[in-house]
Protein chains: 2
Amino acid sequence: MDVEKSISALNNPIRRRILEWLKDRSNFPPALPGHEDLEGVCVAYIQEKAKLSQSTISNYMGLLKQAGFVIAERHGQWTFYRRDEENIQAFLAAVRDELLKP
Amino acid sequence: MDVEKSISALNNPIRRRILEWLKDRSNFPPALPGHEDLEGVCVAYIQEKAKLSQSTISNYMGLLKQAGFVIAERHGQWTFYRRDEENIQAFLAAVRDELLKP
DNA sequence: TCCATAAATCTAAATATCTCGATATTGAAC
DNA sequence: GTTCAATATCGAGATATTTAGATTTATGGA
């Protein structure tokens with residue numbers, strides 16, 4: 001749990017928004033045919049919603065992944081991103097421990 | 001509770017360290033004579049511990065104050081900074097609400 | 001194999017943050 | 001009022017982040 005890297009990843013309103021969107025798969029278009037079982041979302045869908053360039057979103061998702069907030073799963077040409085709930089909770093616990101008085 | 005500003009203020013290891021130091025007044029030299037009743041810490045003490053310039057620390061404390069993490073109280077020539085526990089808890093609650101699934 | 005599509009990486013310009021030294025402000029003491 | 005000490009603010013150079021377009025890589029299909 002690298003708090004430094006995680007806070008840095010959160011220090012951007014669109015990256016935080018993406019994490020919120022990913023709470024609910026229905027914030028995005030339906031899964032591509034043959035991928036209905038995956039809860040992840042492909043980069044193109046995120047890009048469309050965030051209205052930023054493909055390279056920027058790819059970069060953002062890389063930062064969120066390195067911070068441990070999302071898990072990337074490649075299926076064919078697509079990379080599906082989904083939240084890493086466990087790591088998100090671990091981050092919150094770490095920040096709480098660091099910020100709160102004993 | 002401006003999460004944006006707060007995360008930005010936390011996005012620096014030394015500012016986070018200062019918030020930790022401020023948990024315990026005994027991390028700093030004893031209060032100046034006549035100020036024993038104040039739990040706050042003056043800028044010079046923080047500067048000495050952080051080993052950064054006076055202007056940098058003054059700037060940092062301003063950011064932490066604007067973010068709501070500390071309260072500044074001026075007494076004579078000194079500004080005493082102390083943690084704002086209530087706001088810190090409010091920030092943690094806000095981040096938890098934003099990050100955690102419903 | 002060759003082409004099309006999705007995503008990642010590279011490059012670079014614009015902007016923001018960090019950090020300092022210098023200067024200004026504030027308040028105390030003489 | 002003058003001077004001194006503590007803090008705040010200003011200005012600037014160094015560094016980091018943001019973001020896009022161009023290129024590259026990976027994969028699937030004709």
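Quick note on labels: first sequence line is chain A, next is B, and so on, each numbered from 1.
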Just to be sure I understand the rule, does B/Ile57 reach a base, reach only the sugar-phosphate, or reach nothing, if contact means heavy atoms closer than 4.0 Å? nothing

Going by modelled atom types, is there a donor-acceptor pair between the base of C/dG21 and the side chain of B/Ser53 at under 3.5 Å? no

With a non-hydrogen cut-off below 4.0 angstrom, is B/Thr79 in contact with a base, only sugar-phosphate, or nothing? sugar-phosphate

In whole angstrom, what separates A/Leu10's CG from D/dT17's P? 14 Å

Interatomic distance, B/Ile7 CD1 vs D/dT17 C1' [rounded to whole Å]: 16 Å

Rounded to whole angstrom units, what separation is found between the CE atom of A/Met61 and the P atom of C/dA8? 9 Å

D/dC10 P sits how many Å from B/Gln54 CD, rounded? 14 Å

With respect to the side chain of A/Ser58, which nucleotide from D/dA6, C/dT9, C/dG21 is positioned closest? C/dT9

To the nearest Å, how far apart are A/Arg74 CZ and D/dA26 P? 8 Å

Side chain of A/Trp78 only, heavy atoms from C-beta on: which candidate in C/dA6, C/dA8, D/dA6 is closest? C/dA6

Greater than 12 external heavy atoms within 6.0 Å of A/Lys49's NZ: yes

Measuring from the side chain of A/Ser8 (C-beta onward, heavy atoms only), which nucleotide among D/dT7, D/dT17, C/dC20 has the closest atom? D/dT17

Nearest-neighbour nucleotide for the A/Ala44 side chain, C/dC20, D/dA20, C/dA7 considered: C/dA7

How would you label the contact of A/Tyr81 with the nucleic acid (heavy atoms, under 4.0 Å): base, sugar-phosphate, or nothing? sugar-phosphate

For A/Asp2, which residues count as a side-chain hydrogen bond (donor to acceptor under 3.5 Å, both in side chains) partner, sequence neighbours excluded? none

Per atom distances to the A/Val43 side chain, the nearest of C/dA8, C/dG27, D/dT9 is C/dA8

Find the distance B/Glu73:CD to C/dG27:P and express it as a whole number of Å. 14 Å

For atom OH of B/Tyr45 and atom P of D/dA5, their distance in whole Å: 15 Å

Mind calculating the distance between CG (B/Asn11) and P (D/dA16) to the nearest angstrom? 13 Å

Return the minimal non-hydrogen interatomic distance between B/Arg83 and A/Lys101, and the atom names on each side. NH2-N, 3.7 Å

Please evaluate the base of C/dA7 for a donor-acceptor partner in the side chain of A/Gln77 within a cut-off of under 3.5 Å? no

May I ask you to say what B/Asn59 touches in the nucleic acid, namely base, sugar-phosphate or nothing, with a heavy-atom cut-off under 4.0 Å? base

Heavy-atom side-chain contact between B/Val41 and B/Tyr81 under 4.5 Å: no

Is any side-chain nitrogen or oxygen of A/Thr56 closer than 4.0 Å to OP1 or OP2 of D/dA20? yes

Go through the steps to decide whether B/Arg82 and B/Glu39 satisfy the test salt bridge (charged side-chain N to carboxylate O under 4.0 Å, His left out), and finish with yes or no. CA-CA 7 Å; B/Arg82 64 180 198 275; B/Glu39 58 162 341; 3.7 Å; yes

